[in-house]
Every structure is written in structure tokens, then in C-alpha cells.
Amino acid sequence: MRSFTLAARWAVTLVGAALSARAVPVPTFHKDVLPILQRHCQPCHRSGEAAPMAFIHYAQVRPWARAIKQSVVARKMPPWLAEAGTGEFQQEHRLSSAEVATLAAWADGGAPAGNSGDAPPPAQFSSGWTIGQPDLVLDVPPAMELPAAGTAEYIYLIIPTGLKQDRWVQRAEVHPSDRTVTHQVLAFLRPPGSPWLANYEPGVPFVPKRGGGDSNDTAELLVAYAPGRPAAVLPGGQARLVQAGSDVVLQFHYTANAKASMDRTQLGLIFSPALPQQRVMTIAASNTRFVIPPQTDNHRVDAQITLQHDAELVSMMPHLHLRGKDFEYRAVYPSGMTETLLRVPKFDFNWQLHYNLARPKLLPRGTRIECTAHFDNSANNPANPDPQAEVTWGRRSSEEMMIGWLDVAFPATLDPAKVIGPEKKARPGKAGR
Ligand code: HEC
């Protein structure tokens, strides 16, 4: 009796499996795959953008079906490095398990096109300003000439804003003209009187000299460009202060793309018409004093910053160079409780991502933000330029950095020195005055 029941159940299960296998048709490109590609892949996989191949039409995508399955199952694409479960973020570039399953089943099922009548309308992408018409456009003179090959170093350029009065920036966008070679552009603010990079002439691109242990690289970040990353748009009531007479320091990272190219980047700013309620400012937990021994594969470096006033955490952006391995942000609250804010278990120099919280998080006065990074300076790290080197802080990509950037919001009329405390007073804008 018992064995009969088991056998019967087994048979039922088999029939059920066969039925459901028949009941679930192979997904098709037009109906099932294209909507996923439009939303999660086409921002980079279209002509003129960062990815080397376009995923718009069936004929373009079909040869990549296997590679697409592999890249999404391994969670290599779309690039999103935050570990699931720590923090909720805006524009999270993570496919749902159902979306991964659809792409995998499509590839496994022979990658059929299906009926083109099922296709959604083509996704619209703007090639102009996504923030709207800027109030101020800063042109980068001259157009940057890029070599066809070779390791692309960070290139810096200082451009004066020409602002005669303090302005509050609500939206900002970096607009490279050649996105196929532009890997990242960071735009920092340099207030008047800052000693940061004071030896370099504005308007002339330069690669900084080796070394330079000064910590002014933790200057305020205004906006960044990276493939697929949205422009900086603050909600109503929040803005960033740009002091009269400030310069913008641009840091370019180009990918040598086996073709010589010219890039002419622009920076667009839209100002808040009135004094905002909250000032948003980038602060940093950074460590400039580390020494990474040669041939070590898990060297730990810590940094921290303590908030001297209540503030809201808006976003985080870890920054390491080629030996960066992982990064974690923790908040240690005045109550003693510790919360992990962001974990990037596999840091990737090529994807310096910015993580905007879905909802701002209150960090009460006295909260300590702790950051921990590990570096792989061994020969097993394929990105490592030199495992024999003892590595210290520096602006070149062959040197290292350890910065946990944080955007925080606080009352606009409050002196920022009251938020970040005395230990960070040596920042540009405070120093040299
Ligand atoms: C933020 C930009 C961006 C997004 C979004 C993105 N890709 Fe990519 N993708 C790239 C770039 C750049 C490369 C080439 C460099 C590399 O492989 O890292 C690439 C390479 C690839 C490759 C070839 C890499 C390999 O494993 O051989 C595949 C396949 C791929 N992407 C699939 C996808 C799919 C599928 C999506 C959407 C689910 C997607 N990508 C979303 C930028 C992006």
C-alpha cells in the first residue's frame, strides 16, 4: 500500500513536470527579452555608449545569447556591485531572479525571435542634457586628444566657474562628447584660496606627478559621469553650494579604445532659484597613511568620520584603485548599535558606482561612519600593475586611494564645520584662508 502510494505520487509528479514543461513556452526576443534589454542593458548597449556592442535589434543580440545568459547568471551584467540585502538603493541595476530566468531560458531554448508584433515600442534615449537646459555650461578647453592605445592615466583639468556670487546647484550633469572612450569623469569643487593642485595652471590638462600624499583629493564631489549613471538631480529643497570664485577640478579616466579620439566634455549646472532648506555636501571617510606591502592579497585599511551634528545620509561612493578588493560602510550609532550601510564584496576599478539610498537615513549627531577596504597586491590580481611594489596613497592609478565618499544633507544655513568636525578642517575651502 505504502509503496503503491509512493509510486503513484511519483507518477503524478512526472506527469506534472512534463505538463508544466510543455505549458511554459520558450521566451521570445520580441515579447520577453527586449523589454528587459531596454530597461537594463540599452542605456549602455547602444551605439555611441560605453558597451562595445549594441543590443537593440534581434540580429545584433542573437549572437550574444549565450554570453548574455552567462553574464546575467554570474551577475556580471548589468554592473552593480552592492551586495543584496544591505540597504535599498535608487536605480538599482539588479535583475530580478525572474528576469535572469527569462534570459537564461531564452538562450537555452535556441534564442528565438518570436513575433515582431509583440515588441514594445523602441526605448527613447536623449543624447542631449537630461537635466534640462543648464543655467551655466562650462566647456572643457581644449578638446582632449586621446591616444589610440596604452594605459589611460587619470587626466586632470581645472576650469574656473567664473561665478561672481555664491550659487546653489540643484542639478548637474557631465556630458562627454565621446562616450565610447570616457570611462569616468569626476567634477570636484575647489573653493577660492584652496591650496589643492595650486601649482597647476587652469585650462591646461595634466597628469599629476607621482606621489603627493596630501588628502585634498577628498574635495567636494559635485557630480560624476560614468556609463549608465544618471545625472545628479537633487529633490526640491536640497542643493549644493558653489562659492563665488570656485573652480571645478575635473578628473578624467579614459579607456584607450584602440582608436585615437577627441573628447569635448561639457559640464551643465542648474541653480536653485531660492535658498534651499538643506545643503547637500560630499564628505569622506578616507585614509591616506596606509602602506600596502608587496605580494599581499588581503591588506586591510580602515577609515572613519564622526558626525558632529544630525545629518541625513543621501548616498555613498567607495573609491579605490586597481588593487581594491572590497569595501564596506558601517554606521556606529551613539546608542552603540552598528548597522552595515553598504557592502561591495567584489570591488571593480572599472565600475566606480554611486549608491543613492532609496530613502535618506538619519545619522544622529555622534554617529561614526566606519569604512573598511581590503587590497589585493598579489600576482593573483589580474588588474595589479606591480605586485612587487609597496603601495601608498597617490593620484595615479598605479598608486592607491581609500575613500568612502558620503553625500549628507543638513540645514542649509549651518556651517559645514559643525557637521564634519575639527579633524576634517584641513579640507579645501577651509585651508589657506
Ligand atoms: C552601465 C553600463 C552597462 C549596462 C547597464 C550593461 N552593460 Fe553589458 N557591458 C558594458 C560594458 C562597458 C561592457 C564591455 C566591458 C566589460 O565586459 O566589462 C559590457 C559587456 C557585456 C557583455 C560581454 C562581456 C562578457 O562577459 O564577455 C555582455 C554579454 C553584456 N555586457 C551583457 C549585458 C546585459 C545582458 C545587460 C543587461 C541585463 C548589460 N550588459 C548591461 C556595459 C554595460
Side-chain angles (χ1 to χ4, degrees), residues 27-30 32-82 84 89-109 111 120 122-127 130 146 149 151-152 173-176 178-186 224-232 253-259 261 263 317 322 324 344 346-356 381-383 397:
T28 70
F29 176 79
H30 291 297
D32 310 292
V33 171
L34 191 53
I36 302 176
L37 300 183
Q38 286 183 342
R39 194 139 53 92
H40 294 287
C41 316
Q42 290 181 3
C44 299
H45 286 272
R46 65 193 154 98
S47 89
E49 287 294 331
M53 60 285 187
F55 287 164
I56 308 287
H57 305 295
Y58 178 69
Q60 294 168 326
V61 181
R62 174 65 189 87
W64 289 95
R66 292 255 121 232
I68 287 174
K69 177 190 167 184
Q70 277 161 13
S71 71
V72 299
V73 167
R75 301 269 176 197
K76 270 181 65 192
M77 288 284 153
W80 182 257
L81 305 176
F89 301 97
Q90 293 168 25
Q91 288 118 2
E92 203 160 323
H93 290 293
R94 194 197 303 279
L95 297 184
S96 67
S97 341
E99 288 167 325
V100 171
T102 299
L103 295 176
W106 175 68
D108 290 342
Q124 300 298 321
F125 295 101
S126 133
S127 59
T130 62
L146 310 174
T151 49
E173 184 170 356
V174 174
H175 204 265
D178 190 345
R179 291 165 183 246
T180 63
V181 294
T182 308
H183 210 98
Q184 178 169 281
V185 183
L186 300 180
Y225 164 82
R229 173 178 175 152
H253 190 234
Y254 291 108
T255 330
N257 202 9
K259 68 171 177 145
S261 148
D263 174 51
M317 180 176 166
L322 293 159
V344 174
K346 276 197 205 135
F347 183 83
D348 185 341
F349 176 72
N350 289 318
W351 298 113
Q352 307 264 347
L353 302 175
H354 198 251
Y355 301 91
N356 288 306
N381 173 3
S397 52

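Ligands are counted one by one from 1 in listed order, and the atoms in each one are counted from 1 as well. For the single chain, residues carry numbers from 1 onward in sequence order. Only a predicted model underlies this, so the values are computations on that prediction, with no experimental measurement involved.
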Check: Hey, looking at atom 3 (C) of ligand 1, which of P78, C44, S71, A74 has the closest heavy atom?
Finding: C44
Next item on the list: Look only at interatomic distance and state if H40 has a nitrogen or oxygen under 3.5 Å from any nitrogen or oxygen of ligand 1.
Entry: no
Item checked: P43, P52, C41, P79: member with heavy atom nearest to atom 14 (C) of ligand 1 -> P52
Item checked: From K69, M53, E49 - option closest to atom 23 (C) of ligand 1 by heavy atom -> M53
Notebook entry, point to check: In ligand 1, which numbered atoms sit nearer than 4.0 Å to a non-hydrogen atom of F55?
Noted result: 32 (C), 33 (C)
Next item on the list: Using a 4.0 Å heavy-atom threshold (strictly under), name the region of K76 that reaches ligand 1: side chain, backbone, both or neither.
Entry: side chain
Checklist line | Closer than 4.0 Å: a protein non-hydrogen atom to atom 30 (C) of ligand 1 | finding: yes
Checklist line | Whether E99 side chain and S96 backbone form a donor-acceptor pair below 3.5 Å | finding: yes
Check: Looking at CG of L103 and CG of D108, how far apart are the two atoms once the value is rounded to the nearest 0.5 Å?
Finding: 11.0 Å
Note to self: Using 30° and 60° as the class boundaries, would you call the ring planes of Y58 and H30 parallel, tilted or perpendicular?
What the structure shows: tilted
Notebook entry, point to check: What angle, in degrees and rounded to 10°, do you get at atom 8 (Fe) of ligand 1 when you join it to NE2 of H45 and to SD of M77?
Noted result: 170°
Next item on the list: Specify the closest pair of heavy atoms between T102 and P27, including all atoms of both residues, with the distance to one decimal.
Entry: O-CG, 3.6 Å
Note to self: One residue to check: W80. Relative to ligand 1, which of side chain, backbone, both or neither has a non-hydrogen atom less than 4.0 Å away?
What the structure shows: neither
Notebook entry, point to check: What class does the angle between the rings of F55 and H45 fall in, given that below 30° is parallel, 30 to 60° is tilted and above 60° is perpendicular?
Noted result: parallel
Note to self: Quick one, P120 and L34 - any side-chain contact, counting heavy atoms below 4.5 Å?
What the structure shows: yes
Item checked: Atoms in ligand 1 flagged as close to A67, the criterion being non-hydrogen separation under 4.0 Å -> 29 (C)
Check: Does any non-hydrogen side-chain atom of V61 lie less than 4.5 Å from one of W106?
Finding: yes
Notebook entry, point to check: Closest approach of A54 and Q60, non-hydrogen atoms and distance?
Noted result: O-CB, 3.4 Å
Check: Does the protein put a heavy atom less than 4.0 Å from atom 26 (O) of ligand 1?
Finding: yes
